[in-house]
Structures are given as C-alpha cells and as structure tokens.
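Okay, so here's the structure we're looking at.
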Amino acid sequence: MTDTKIRVRFAPSPTGTLHVGGARTALFNWLFARKFNGAFILRIEDTDQTRYDKNAEIAMIKDLKWMGLQWDEGPDIGGEVGPYRQSKRLDIYKKYALELIKKGMAYYCFCTSERLDEMRIKQKAEKLAQGYDGLCRNLTPEETDKRLQAGERYVIRLKTPLEGSTCFSDYIRGEISYQNKELDDLILFKSNGFPSYHLANVVDDHLMGITHVMRGDEWIPSTPKHKVLYDSFGWEPPVFMHLPVILAAGGGKLSKRKGAVSVTEYKEMGILPNTLINFLSLLGWNPGDDTELMDRETLIQKFSLDRVNPKSCAFDEKKLEWMNGQYFSSSATETLLPDVKKTFQEASLPVESFDDAYLTLVIDVIKERAKNLSDFVERGSYFYADPDSYDKKAVKKHFKDGAKQLLEQVLSVINSTEDYTEESLEKAFQELANTLGYENAAKIIHPTRLAISGVSFGPGLYQLLVLLNKETVIRRLEKGIHYLESKV
RNA sequence: GGAGUGUUCGUCUAGUGGUUAGGACGCUGGCCUCUCACGCCGGUAACAGGGGUUCAACUCCCCUACACUCUACCA
C-alpha cells in the first residue's frame, strides 16, 4: 500500500454547507495523505448545473481552510492533472463515454423521463425490482443511427452484465458482492451534455491517479457499478473505503432540529478548529490506546486506516464542549484574542474603550473556565460594564442583613489599601475578617464579589479586584451600597 | 417492495474464543476551595433477541428484530 505514492481526494458537490460528515470524510483523507506523505486533492464536482451554488462552494472552501485541511492540488492552486473542477473537463468525459460506445460497452438510450417515470410507477405497483428496464439496450445500430440523425435527445448508458455477480473489496468492510441482475444500466452521460456523477468520478479518479477512495457509505450501492465501469475501461480500480454516517445525538439523521450540522455553525458557536479536528477524528477511528486529546501532528502520526470502524455514530455535543474546554485552557491567549474580541463586540460590550493588554488579562482568567465563546460573554461582561443588576439567587444568599455595613467596611479597606495587589488585599480582607470575628474571609468575599460583578461565580476575588482596578471596584462597591440602602 | 451496510454502558469507543468486559463524555457521591471552572478519588451503566459451531462465545456461522443507506438524466 505504501510503495506507490498515496493520492486521495475530497470531492464535494457544492450544493450546500459543509456538513460535519463531509468534514470528517475530508479529515480522514487529509490525515491519510499527510501520514504517508501523499497528496490530498480537492476536486469540485459541479456536474449538476441546477443545484450548483457558487456561494456554497466559497463557504465550503473557507470552512476547509478554517479547519486547516490544506490541499496540495485543487481548483484554486492547480496541479499537474487539472483542471480540478468537473465543469471544466466536459470534453474529457465525452471522449471517454464515446470510447465505451465504440467498444460496445455502452449505448445510446432515447427513453424520455416520462417513460421512465411510468416505468417506475408500474414497477412499484407490481412490486417488481426497480431500475431501468433496458429498452434501448438492444436497439440495432441502424435504429440508433436513425434516431441520432433525427436529433432525438439521448443519454449514454453503461452496459452492465445481466448475469453473474460483481464484487469489490471495501477496506474496512471486506468483500461486498452484488448480483448483476440487481444492477441496472447506469447513466454515464446526461442529455444536457454533462456527465453523470458516476462517469466523471471514475474518469477523474483514474486520470488523477487516485489510489484510495474514501467517501460516505451512501456510495456503497453504486460502487459495484463503478467497478463495472473500471472494468469496461480496462482500468485498475482504487482501494475503496466507505465511511459511516454521523447521526444526531438522540439517534437518527443529523438535522438542524437536533443540533448544528455544518462546520460554520460550530465555528460560530466558538468551537476551536483543533477541537473539531480532534473530535471528528475520534468518530469512527481511535488510536488504539486511550489517548483522546491529540493535536494535528499526533493525529497524523497515529492515524491508521486499519483502525477505522464501519459503524455509524452519533455526534455528542456535550463531549465536543468538554473537549473544547480542554482546548481553551491550553490555548495561547493571543490565539484566542481575535475571536473573543469579536464575540464581545457582538454582545455590545465596549471592548474598544479598553486596550488589548486588558483583554488579554481577562481572557487569561476566563479561558480555563470556558467551554465555548458564549461562556466568555457570560463570564466576562462585567469586566467591561458595571453590573446593572445582581443575580437574584445570589442576592438572597449574600446580600443579607448587615451586608450594607459589611460593604462599607470593605470599601474603607479598599480605600486604605495603598499597595493595591492581590497579596495586600488578601491580607487586608483577612484582617477585616479577624476584626469582625469571622473564621475566614468567605463571608466578606461573597458579598463583595456580588457587588463588583453582579454574579456569584468567577475567578478568585483578589485577582478580580486587581484586574478591575481600584477605581472601578470603589465605584461598584458604592453602587452596591446604594442598592442595599434602597432595598431596605 | 428489493438490495446493501451496521448493531458492546445514554453517547464515543477498547476488545479479534478463555477479561472482575477497559477508557472517555454525561450523570452522580466525595476531596480541594472564597464562588465557578479545573484537578483528584469513587459510583452509575453495555455485549439487540434466538439458534447453532466449540471444552469454552461479546468475539465464528445462520435466522429474526431494529437502525441507516441506495433503489434520479442528484451527488
């Protein structure tokens, strides 16, 4: 398997957003290519002109790049066996389709879609096997010529053996065999002058020297037909490997109702690219030991086709978030800064009134507590704006009788703390606790935290006091005292 | 309807004839602690069902059930 250079491709049809299932397929191809120093190729399969969406293609490429799955050959960067966009290879497909006709392995079919529809309805009603009935398969050359001359619309179909069976080997599932009578005659060339997916795909994989085809398992039923196609051309088929589908958390199809489906959505939620790569890699593959947190290099090093399993799996967002939390805490703050800044702006926080150095400190204390970007807003908004309300439950617990007096004392302690550092503040709070006869400073800390942040959770109080700076703390304490006055 | 693929804790998975069926997320008890989060220690929970093969089956074979996919001039 490694004596010839590995060449794999990701061949999306740009008709919508990049689905996590597609992303996983791309990832496995990429990992495999990187592992063996092979080539990872991006090929745009835009043979369906009616469903093609330029914006979808742009978005898809953006998502792939965001994940860091860079290709070695593709429509944007070229390569030796291009073009890498099927709509630019139309004459190639035509040539090969004609070649098959000449060899007698394909034929012109003049059946109209109306006739095909009727045929299917009848087949269904009579509970017969579905599929093209082969009406045009036995047209005489004379008849065919006559109708061609007359300008009738036609498609080109592959002549599939009527008897026997066709089998192929799937790398992760073993031998898969189909009875030829189950296989109907594939359309190779459509009447609009475009090739079908099947023809374009097989011709391109061959011409581009693809050694391993890794794709979604919805392709399993067409693979025997592709095998017939390869045989008809006299070409050696690549190694096939069909990856299982990704299901929604509760089972069933992944759909918008059951959570996010596209890479873009996860990006917007604040999932880090490395998290998504790592998480997706573990869906249908594992390194064989218990390692779960792996960076790109480790993934490449450990990846192996032999450990890919054929079972479909569910996308567990809870675990994704856990993993993202792990990545947040281990990420360098400066890599997080642009995204957090943007998120804060979108939440209408006045990030511009403060400098990046401040934001850096804020991210530092939040990143180890956050699982996605919205956590940064939830846990960080008070760094930018004085709280305009206090958490109700926390008020009940920490703004009890005497809280006002307590805050006044805290205020005076803060005011008189010359050396405004965590150490001195801790010492000062400790002393206040002693004076008041408390066992520890907890009874002072909680009301203070609530007054300056509006919530009952967050970083260590002394850290918070310093980060917010003395002036802000004093202002918020006074505000808290006013609040308690008006409350009584 | 037909064909194909799949089936180990709720979820992701390890396991390739003999294991107290292991790990991770989740949930949960506790520790740590000024709170939250982290971390640490513990708990919870699985071989779809039925037949074989075998001294022995989660592992091999068959059947059933269930899930998913395909059955387009879509990919």
Side-chain angles (χ1 to χ4, degrees), chain A residues 11-15 45-48 50-51 109 111-113 116-117 120 123-132 153-157 170 173 176-179 182-184 187-192 194-198 200-201 215-224 242 244-245 247 249-253 279 282-286 288-293 307 309-323 325-326 329 365-371 375 379 394 397-398 426 429 433 440-446 448-450 453 455-462 464:
Chain A
S13 177
T15 54
E45 308 224 328
D46 56 348
T47 54
D48 185 348
T50 59
R51 291 205 311 155
C109 170
C111 293
T112 61
S113 10
L116 261 18
D117 287 343
R120 273 189 282 269
Q123 283 170 343
K124 207 158 194 177
E126 296 177 22
K127 294 188 195 292
L128 257 37
Q130 311 260 296
Y132 182 59
R153 280 175 79 84
Y154 65 86
V155 300
I156 295 175
R157 283 184 189 270
D170 182 289
R173 297 162 208 265
I176 296 178
S177 142
Y178 278 79
Q179 293 295 316
E182 303 288 346
L183 273 27
D184 66 349
I187 288 180
L188 262 23
F189 215 80
K190 303 188 268 190
S191 61
N192 64 359
F194 276 70
S196 69
Y197 163 83
H198 306 284
N201 186 267
R215 72 227 302 190
D217 68 3
E218 69 270 24
W219 294 108
I220 293 176
S222 17
T223 306
H242 294 92
V245 293
L247 306 167
K253 239 179 167 161
F279 184 76
L282 258 14
L283 251 32
W285 173 80
N286 70 80
D289 51 38
D290 289 331
T291 319
E292 295 208 291
L293 262 15
R307 298 203 63 88
N309 72 283
K311 178 193 154 194
S312 57
C313 50
F315 195 95
D316 183 358
E317 291 196 10
K318 277 268 173 50
K319 187 158 183 174
L320 208 219
E321 293 219 316
W322 162 78
M323 191 176 274
Q326 300 289 318
S329 25
V365 301
I366 301 178
K367 70 175 187 182
E368 52 200 34
R369 297 175 164 83
K371 288 190 161 71
D375 285 349
R379 314 190 74 112
K397 201 169 173 191
H398 302 301
E426 180 163 6
F429 270 64
N440 54 46
K443 282 186 176 161
I444 310 170
I445 286 171
H446 294 301
T448 305
R449 171 191 301 285
L450 184 56
S453 75
V455 291
S456 60
F457 54 84
L461 184 76
Y462 308 118
L464 197 53

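Residue numbers begin at 1 in each chain, while the letters A, B, ... track the order of the sequences. Since this is a predicted model, take the numbers as computed values, not measurements. Below, all heavy atoms of this structure are taken into account, side chains as well, without hydrogens, waters or symmetry copies.
- With C74(B), G6(B), U35(B) as the choices, the nucleotide that has an atom nearest any side-chain atom of Lys311(A) turns out to be G6(B).
- The pair Asp316(A)-Lys319(A) fails the salt-bridge criterion, with no side-chain N (NZ, NE, NH1 or NH2) lying under 4.0 Å from an Asp/Glu carboxylate O.
- Side-chain contact of Thr223(A) with Arg215(A): a donor-acceptor pair under 3.5 Å is present, judged by distance alone.
- With a cut-off of 3.5 Å on both pairing distances, A45(B) has no Watson-Crick or G-U wobble partner at all.
- In this structure, Asn286(A) does not reach the U13(B) phosphate: none of its side-chain N or O atoms is under 4.0 Å from OP1 or OP2.
- If you check every strand for non-hydrogen atoms under 4.0 Å, Ile176(A) touches sugar and phosphate atoms only.
- Across all strands shown, A67(B) forms a Watson-Crick or G-U wobble pair with U5(B), both key distances being under 3.5 Å.
- Residue Arg379(A) is in base contact, counting any heavy-atom pair closer than 4.0 Å across all strands shown.
- Taking atom P on both U7(B) and G15(B), the two are 13 Å apart, rounded to the nearest angstrom.
- Distances were taken from every side-chain heavy atom of Arg369(A) (C-beta onward) to each of C36(B), U13(B), A75(B); the shortest belongs to C36(B).
- Considering only heavy atoms from C-beta on, Lys397(A) stays 4.5 Å or farther from Ser456(A) through its side chain.
- Applying the Watson-Crick and G-U wobble criteria (two distances, each under 3.5 Å), A57(B) pairs with nothing in any strand.
- Between G15(B) and Arg307(A), a contact under 4.0 Å exists linking OP1 or OP2 to a side-chain N or O.
- Using a 4.0 Å heavy-atom distance criterion, Cys111(A) is classed as a base contact.
- Within 4.0 Å (heavy atoms only), Ala314(A) reaches sugar-phosphate atoms of the nucleic acid but no base atom.
- Using a 4.0 Å heavy-atom criterion, one finds that Ile220(A) contacts the sugar-phosphate atoms exclusively.
- Closest to the Asp290(A) side chain, of the nucleotides G2(B), C36(B), G23(B), is G23(B).
- Nucleic acid contact for Gly325(A): none, since no nucleic acid atom lies under 4.0 Å from a heavy atom of the residue.
- Across A14(B), C73(B), A75(B), the shortest atom-to-atom separation from the side chain of Arg157(A) is found for C73(B).
- You won't find any donor-acceptor pair under 3.5 Å spanning the side chain of Lys371(A) and the base of A37(B), going by distance alone.
- Comparing the P positions of A37(B) and C27(B) gives a spacing of 10 Å, expressed to the nearest Å.
- Backbone-only contact: Thr47(A) has heavy atoms under 4.0 Å from sugar-phosphate atoms and none from a base.
- Side-chain contact check for Leu293(A) versus Met323(A): some heavy-atom pair is nearer than 4.5 Å.
- Among the nucleotides C73(B), U35(B), U11(B), the one closest to the side chain of Asp316(A) is U11(B).
- Of the two residues near RNA chain B, Trp322(A) and Leu461(A), the one whose nearest nucleotide lies more 5' is Trp322(A).
- Glu317(A) comes within 4.0 angstrom of no nucleic acid atom, judged by non-hydrogen atoms across all strands.
- Comparing A75(B), A37(B), C34(B) by their nearest atom to the side chain of Tyr462(A) picks out C34(B).
- Between Phe315(A) and Phe279(A), the ring-plane angle classifies as perpendicular under the 30° and 60° cut-offs.
- Nucleotide C38(B) is matched to nothing when pairs are restricted to Watson-Crick or G-U wobble geometry with both distances under 3.5 angstrom.
- Of the two residues contacting RNA chain B, namely Phe189(A) and Ser456(A), the nearest-nucleotide position lying further toward the 5' end is that of Ser456(A).
- Note on Pro12(A): nothing from the nucleic acid sits closer than 4.0 angstrom, heavy atoms only.
- Considering only side-chain N and O atoms, Lys397(A) lies nowhere under 4.0 angstrom from the phosphate OP1 or OP2 of U35(B).
- Look at U16(B): it lacks any Watson-Crick or wobble partner with both distances under 3.5 angstrom.
- Contacts of Arg215(A) with the nucleic acid, taken as non-hydrogen atoms under 4.0 Å apart, are absent.
- Interatomic distance, Leu116(A) CG to Ile187(A) CD1, rounded to the nearest 0.5 Å: 6.5 Å.
- Arg379(A) approaches Ile366(A) most closely through the heavy-atom pair O-CD1, 3.8 Å.
- Between the base of C74(B) and the side chain of Arg51(A) there is a donor-acceptor pair shorter than 3.5 Å.
- The side chain of Glu292(A) has G23(B) as its nearest neighbour among C34(B), C73(B), G23(B).
- Across all strands shown, Arg173(A) has heavy atoms under 4.0 Å from sugar-phosphate atoms exclusively, and none from any base.
- At the heavy-atom level, Tyr178(A) lies under 4.0 Å from the strands shown only through sugar-phosphate atoms.
- Within the nucleic acid shown, Gln130(A) comes within 4.0 Å of at least one base atom, counting heavy atoms only.
- The listed nucleotides are C38(B), A24(B), C34(B); the one nearest the side chain of Ala442(A) is C34(B).
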